[in-house]
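Structure first, then comments.
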Amino acid sequence: GRAHPGLLPAFLRLAAAGTAINRSSGIISGGAIGVDLTDAGGTLTNSGRIFGGYFGVNMRASIEFLVNSGTIAGIGANAGGVYSTGGSGPSLDPTRIIHGVITGVAGGVAITRAAGTVVNYGTIFATGADASAVDIRYGVFVNYGLVQGAVYGIVLGGSIGTIVSGGSASAGGQVTV
């Protein structure tokens, strides 16, 4: 299993609600986590490159926003591109708008504990042998781009979920709802 993301070192950690901007020439690289948006919430706008050995971006608050036109990558053996635990409660709606590339070995994007919305206009892929490109436990996934996973393209689980697709999703396995 994965370690608790809050215990891992990050290159950039927003400890209070705020905004971080990584411009097109920017590179953020953390041994464990590239950017950690803590329980305080915040906004990350990325048009550069963000890398982490465990997560490219870790999102832990109930209200957070990620706009990505660059590259976010989890580069370790069990790494994920964007991982969100997002608090707990039906009123939460963290939104990620993705125009760039998000990749991870174990997974591309995962929202695991609270409702969230992901809108993808770019590319999300996972390269590991057991990988799922998108894992949304509760919420909405809107795809106008490319989603590619080794086993699953999109996994939608939990008690509530919706997929809207105008793009393409492919996997060695299947799309699971």
Side-chain angles (χ1 to χ4, degrees), residues 1-3 5 8-12 20-37 44-60 64-86 94-112 116-137 139-157 163 165-176:
R2 293 189 170 167
L8 299 173
F11 181 80
L12 172 64
I21 299 171
N22 187 33
R23 302 198 187 279
S24 60
S25 61
I27 298 172
I28 296 174
S29 182
I33 299 171
V35 176
D36 186 14
L37 298 177
L44 171 62
T45 301
N46 177 51
S47 53
R49 293 177 284 171
I50 298 174
F51 303 100
Y54 206 68
F55 302 115
V57 174
N58 181 43
M59 304 175 81
R60 294 187 277 154
E64 292 176 327
F65 299 93
L66 167 63
V67 178
N68 179 47
S69 59
T71 298
I72 298 173
I75 56 176
N78 292 311
V82 175
Y83 182 69
S84 174
T85 56
T95 303
R96 294 96 178 120
I97 300 174
I98 302 158
H99 289 75
V101 175
I102 294 180
T103 182
V105 177
V109 174
I111 299 177
T112 62
T117 300
V118 175
V119 180
N120 177 44
Y121 291 95
T123 302
I124 302 172
F125 62 97
T127 60
D130 296 325
S132 301
V134 176
D135 186 351
I136 306 289
R137 297 298 167 161
V140 177
F141 179 68
V142 180
N143 183 43
Y144 297 106
L146 173 64
V147 174
Q148 187 170 14
V151 176
Y152 300 104
I154 304 166
V155 175
L156 187 64
I163 298 174
S165 185
S168 63
S170 66
Q174 57 194 338
V175 174
T176 299

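Rounded to the nearest 0.5 Å, atoms CG (Leu12) and CD1 (Ile28) are 5.5 Å apart. In this structure, CD1 in Ile72 is found 4.5 Å from CG in Leu66, a value given to the nearest 0.5 Å. In this structure, CG on Asn78 lies 10.0 Å from CZ on Phe55, to the nearest 0.5 angstrom. Once rounded to the nearest 0.5 Å, the distance linking OH of Tyr54 with OH of Tyr83 reads 8.0 Å. Taking CG of Leu37 as the start and CG of Asn58 as the end, the distance is 8.0 Å to the nearest 0.5 Å. For the atom pair CD1 (Ile50) and CD1 (Ile27), the distance works out to 11.0 Å, reported to the nearest 0.5 Å.
A donor-acceptor pair under 3.5 Å links the side-chain atoms of Ser47 to the main chain of Ser24, judged by distance alone. Using a distance-only test at 3.5 Å, with no hydrogens or angles considered, a donor-acceptor pair links the side chain of Thr103 to the main chain of Phe125.
The two residues Gly108 and Ala126 make their nearest non-hydrogen contact at N-CB, 4.0 Å. Among all heavy-atom pairs drawn from Ala79 and Gly53, the shortest one is CB-O, 3.3 Å.
By the side-chain contact (heavy atoms from CB on, under 4.5 Å) test, Ala133 is found to be paired with Ile124, Val147, residues two or more places apart in sequence or in another chain being considered. For Asn68, the side chain to side chain donor-acceptor pair (under 3.5 Å) partners two or more places apart in sequence, or in a different chain, are Asn46. With sequence neighbours excluded, the residues satisfying side-chain contact (heavy atoms from CB on, under 4.5 Å) with Val105 are Thr127. Tyr121 is linked by a ring-ring contact (aromatic ring centres under 6.0 Å, His included) to His99, Tyr144, counting only residues two or more places apart in sequence or in another chain.
For residues 124-135, the set of pairs meeting the salt bridge (Lys or Arg N to Asp or Glu O under 4.0 Å) definition, not counting sequence neighbours, comprises Asp135-Arg137.
The side-chain heavy atoms of Val118 and Val134, taken from C-beta on, include no pair separated by under 4.5 Å.
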